[in-house]
Number of protein chains: 2
Amino acid sequence: MDDDDVFKALADPSRRMLLDRLCEKNGQTLGQLCESMDMKRQSVTQHLGRLEQANLISTVRRGREKLHFINPVPLYEVYERWIRKFEEGRLSLLHDLKQQLERNKK
Amino acid sequence: MDDDDVFKALADPSRRMLLDRLCEKNGQTLGQLCESMDMKRQSVTQHLGRLEQANLISTVRRGREKLHFINPVPLYEVYERWIRKFEEGRLSLLHDLKQQLERNKK
DNA sequence: CATATATGCAGGTATTTAACTGCATGTCAA
DNA sequence: TTGACATGCAGTTAAATACCTGCATATATG
């Protein structure tokens, strides 16, 4: 898994919107997703492509339609590798600040 | 808090590297952070500016130095608003897939 | 004060990117 | 088979961005 692809995919509000829509109703077609997107279909396709590259969604063709499914795994990995790490012991921000300011007075 | 600033700040590998460095050792100066960054000081300043705008770091001046401190709060909020949401009930990806494929057969 | 050090600020530029348009392909249904 | 519908693909463009260079300002120290 490529952290960078995931972070870059999440960096765009339209793509987060798409994930939101899929979270409400999984397995939507491109056409359905376009309805809530205020941009051309081709642009939505591009965004979905980036989400798929980041493995945040998977797709299945059903006839002439393409169904999109959200994949929570990369998000969880990002959480594990990035967010939990900063939580632990980093609640000491104020303590660190105070410590540095003390050092200043010497 | 602006979700978008946080996501955009996290989208760049250099900025994630900076957060990593601050996680190892909080309260570093600009000069210290530059040592591990393989780019000009002014570029590092720009990155730190984006991190500060996203409220991911706070800064304090100590004489001619500027100290940088990591702030875990926005990361936790991103987790709460984005990641936990997708975890819950979204482990049913395979179930959803199967369901859609069944619908296909009709 | 004079010098060195730490950081700030103002552009310049090449790359990336997010939108668009136009046309092509594939699938269903009459 | 033919027409309608869902999606794919290629190329264009304007904006964002991640670097850079050059110079300015502020602080510590002799």
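Reminder, nothing fancy here: chain letters follow the sequence lines and each chain counts from 1.
Within the structure, a side-chain polar atom (N or O) of B:His47 is placed less than 4.0 Å from OP1 or OP2 of D:dC19. Of the side-chain N and O atoms in B:Ser43, none sit less than 4.0 angstrom from OP1 or OP2 of D:dA18. Taking only side-chain nitrogens and oxygens, B:Lys66 comes nearer than 4.0 Å to OP1 or OP2 of C:dG8. Look at B:Arg50 and you'll find a side-chain N or O under 4.0 angstrom from OP1 or OP2 of D:dA18. Distances shown here put every side-chain N or O of A:Arg64 at or beyond 4.0 Å from the OP1 or OP2 atom of C:dT25.
As a whole-Å value, the separation of A:Arg15 CZ from C:dT17 P is 9 Å. Rounded to a whole Å, the CG atom of B:Leu18 is 12 Å from the P atom of D:dA18. At whole-Å resolution of the value, CD in B:Glu65 and C1' in D:dA28 are 10 Å apart. Following rounding to the nearest Å, A:Met37 (CE) and C:dC20 (P) show an atom-to-atom distance of 10 Å. Computed from coordinates, the A:Lys8 NZ to C:dA18 P distance equals 11 Å when rounded to whole Å. Computed from coordinates, the A:Glu35 CD to D:dC5 C1' distance equals 14 Å when rounded to whole Å. As a whole-Å value, the separation of A:Lys40 NZ from C:dT17 C1' is 19 Å. For B:Arg61 and D:dT25, the CZ to P distance is 15 Å, given to the nearest whole Å.
Looking at A:Arg15 and A:Leu10, their side chains never come closer than 4.5 Å, going by heavy atoms from C-beta outward. Residues A:Val73 and A:Asn55 are not in side-chain contact: their nearest non-hydrogen atoms beyond the backbone lie 4.5 Å or more apart. Inter-residue side-chain proximity for B:Phe7 and B:Val78 is flagged as met; some heavy-atom pair is nearer than 4.5 Å.
For A:Lys8 and A:Asp4, the salt-bridge test passes: some basic side-chain N is under 4.0 Å from an acidic carboxylate O.
Considering only side-chain atoms of B:Gln42, the nucleotide from C:dG8, D:dC19, C:dA6 that sits closest is C:dG8. When distances are taken from the side chain of B:Gln46 to each of D:dC19, C:dA6, C:dG22, the shortest belongs to D:dC19.
Atom CD of A:Glu52 is separated from atom OG1 of A:Thr59 by 3.5 Å, given to the nearest 0.5 angstrom.
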